[in-house]
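What you see below is based on every heavy atom in this structure, not just the backbone, and it leaves out hydrogens, waters and symmetry mates. What you see is a predicted model; the values in this text were computed from it and never measured.
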Amino acid sequence: MVPEIGPDTAFALHAAKPLSEVRQARALGLRTRPVVVGPVTFLLLAQAAPGSPAGFAPLDRLADVLPVYERLLADLAAEGVAWAQLDEPALVTDLGEAELAAVRAAYERLCAPADRPALFVASAFGGLGRALPVLAGTPVEAIGVDLVRGGLDDLAGVEALAGKTVVAGVVSGRDVWRTDRERALAALLAVRERAGHVAVGTSCSLLHVPYDLEAETGLDPELRRRLAFADQKVAEVVELAALLDSAPGAAASTASTVPAAPGRTRAHASLRTRGPAPAQAARSPYPVRAAAQAAHLRLPPLPVTTIGSFPQTGELRAAGAALAAGELGEEAYEQRVRAEIAHVVALQERLGLDVLVHGEPERNDMVQYFAEHLDGFAVTRHGWVQSYGSRCTRPPILHGDVRRPEPITVRWTAYAQSLTDKPVKGMLTGPVTIVAWSFVRDDLPLRDVVFQVADAVRAEVRDLEAAGVSVVQVDEPALRELLPLRRAGQEEYLRWAVDAYRWATSSAGDRTQIHTHLCYSDAGQILAAVDALDADVTSVESARSGARLLGEPAVKGFERGLGPGVYDIHSPRVPTAAEVGESLEAALRVLPAGRLWVNPDCGLKTRTYEQVEAALANLVEAARRLRGTAGAAGSGA
């Protein structure tokens, strides 16, 4: 969800919020550094507004945006602000000559006025690469570099840094592990040799980590020794600054005198740390599977389903909280879950959906739920971090080898299947997403950790099938999210990520239909990889983005089932049957009816039952209207 900017978009300054916050801090006796997204990142991460002419890019509007930034900086200076921070994380991506020229033009202009604060331009999530000498060549006073995901090589030979303050991000803002003080100090000393002045900082904002480890009294003491949350990371920054101030000039002379951080040593993995051979992960060819699934499932053309979750009512959340607090017994809680599943199944049957779900009333979060049932994970009680908007999650801590002691989802899915003759989907979170949305151990390559989780998912798929579940959905919404920012690493990542998914689903027989789901992740950029997952059916966000996905040329060549979402579940608005029908007709101009599925953009957890029932009724009505005219001879398998 990013700004949409066109050739005629008007830009205006509304500075009341940052200025009021500066005044509030001053009244408390605090000196603050306002932080604003930088102009180049703002435009590079925006999208061209619908109707923009061919070839237009938001970065074309740089000269129109910069006066707004100039006015903001002047207003901050008038308030007595000494430093302002402009975040430019987009500078760590692959930049062409036009983008580098935009960096130079932006910061030469923003630094020209006399009535401005000193400018600190911060990067994050990787090395600046070619952008560093360009940025260092402008009059900005300070530059932030991520030395956790980036490296010192970027700084070599950039002579202009001798006149700059370099804010060296040596304390990670993206994980929960204690900083290796010896390694961090060595990096700081190396930066000091290249820069006019070095300041110690975090690699990025601490928004991404929980607030305070002291609140987590229930964690294993040995694990706690290895952790640092936001409060502890601030203390690490202060400690490293003191060590840097007292350290001699040569990094080598201090390495033996710096005390090691506690708890950095972790056991190496004892489980398999390599992926399967391709033959092991291969299912039968899709035409063979499709024929077996069509005969077994007997679905109509344009089958209607949902993504997984149904509304989490206040009563359900209260029951879960009472169970956790010991105020509600396990049996009483499970009775409520069974009643909710029965209600969800009956509702879907009454509305006429074709592939049902159990609604996930027993689950708190699509990653945390699985972490609570797998060895190698720890779950916090207070470790909330912002996910998007006002939604927060508690990412699990993946600290050891991953094992599945027993089936996780089979009991509730099998119970739902016992209530209906229609197929019920088993709902699983994929290995890449479980790892992406956890704080992950850093003593193994990420690929090896993902394959350990894939082993657990594979066993769950096998047990669901053995329990009579004929459709299993393994979601991978984070597949695009973990894509490396630089093109050089993307092909390798996508190769092993696809291999991990195929391994996780390879235990399914031909009659078992494997679904996957991707939401809000610009799946159009990685459609070849999505296709390579070899899922029998893929559902993907489409309504929210105006069906942009259907314009991707690769969609026409998609040979398996595809469900471009026709209902934006992040809006309380209920689409009419006519609107859904129009979306389906647009999809049918790209996809044959035998491969088109009808589904929402995402799960229904955040909606009310009143909204959900009306919307799903309209999805079913639209699909039924089109079945007679779609000319479909297939079964939607």
Asker: For a 4.5 angstrom cut-off between non-hydrogen side-chain atoms, does Leu207 reach Gln386?
Answerer: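 They are in side-chain contact.
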Asker: Cation-pi check, Arg411 to Tyr415: give yes when NZ or CZ is under 6.0 Å from the six-membered ring centre and within 45° of the ring axis, no otherwise.
Answerer: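 Judged by the rule (NZ or CZ under 6.0 Å from the ring centre, within 45° of its axis), Arg411 is not positioned above Tyr415.
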Asker: Any side-chain heavy atom of Tyr567 within less than 4.5 Å of one from Arg607?
Answerer: yes
Asker: Does this structure show an ion pair linking Arg289 with Asp510, if we count only N-O contacts that are shorter than 4.0 Å?
Answerer: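 No.
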Asker: Hydrogens and angles aside, do Glu88 and Thr41 bring a side-chain donor and acceptor to less than 3.5 Å of each other?
Answerer: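 Indeed, the side chains of Glu88 and Thr41 share at least one donor-acceptor pair under 3.5 Å.
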Asker: Is any NZ, NE, NH1 or NH2 atom of the basic residue among Arg573 and Glu579 found under 4.0 Å from an Asp or Glu carboxylate oxygen of the other?
Answerer: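 The answer is yes: the pair qualifies as a salt bridge.
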Asker: Do you know which two heavy atoms are closest between Val37 and Phe42, and how far apart they sit?
Answerer: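 Smallest interatomic distance, heavy atoms only, reads CG2-N, 4.1 Å.
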Asker: Tell me, do Tyr609 and Thr313 make a side-chain contact under 4.5 Å, heavy atoms counted?
Answerer: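 Tyr609 vs Thr313: side chains touch.
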Asker: Looking at side-chain heavy atoms only, is the closest gap between Pro58 and Gln47 below 4.5 Å?
Answerer: no
Asker: Would you indicate whether the side-chain heavy atoms of Trp437 and Asp365 approach each other to under 4.5 Å?
Answerer: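 When only atoms from C-beta onward are counted, Trp437 and Asp365 do not touch, as no gap falls below 4.5 Å.
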Asker: One thing to verify: whether Arg149 and Asp175 come together as a salt bridge, which I'm taking to mean a side-chain N less than 4.0 angstrom from a carboxylate O.
Answerer: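 No salt bridge links Asp175 with Arg149.
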Asker: Taking the side chain as C-beta and beyond, is there a heavy-atom pair between Val598 and Leu584 under 4.5 Å?
Answerer: yes
Asker: Would you mind reporting whether Leu428 and Leu464 have side-chain heavy atoms less than 4.5 Å apart?
Answerer: yes
Asker: Salt bridge or not between Glu349 and Lys422? Use side-chain N to carboxylate O under 4.0 Å.
Answerer: no
Asker: Got Leu95 and Leu91 here, is their nearest side-chain heavy-atom distance under 4.5 Å?
Answerer: yes
Asker: Can you sort out the partners of Ser309 under side chain to side chain contact (heavy atoms under 4.5 Å, CB included), two or more places apart, ordered by chain and number?
Answerer: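 Ser309 satisfies side chain to side chain contact (heavy atoms under 4.5 Å, CB included) with Glu360, Lys605 once adjacent residues are dropped.
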Asker: Between Glu585 and Arg589, is a salt bridge (Lys or Arg N to Asp or Glu O under 4.0 Å) present by the stated rule, with each step listed?
Answerer: CA-CA 6 Å; Glu585 288 170 351; Arg589 289 192 285 269; 5.2 Å; no
Asker: Is any NZ, NE, NH1 or NH2 atom of the basic residue among Asp354 and Arg627 found under 4.0 Å from an Asp or Glu carboxylate oxygen of the other?
Answerer: yes
Asker: Look at atom CZ of Arg511 and say whether more than 12 heavy atoms of other residues, nucleotides or ligands are closer to it than 6.0 Å.
Answerer: no
Asker: Once the angle between the rings of His373 and Tyr369 is folded into 0 to 90°, is it parallel (under 30°), tilted (30 to 60°) or perpendicular (over 60°)?
Answerer: tilted
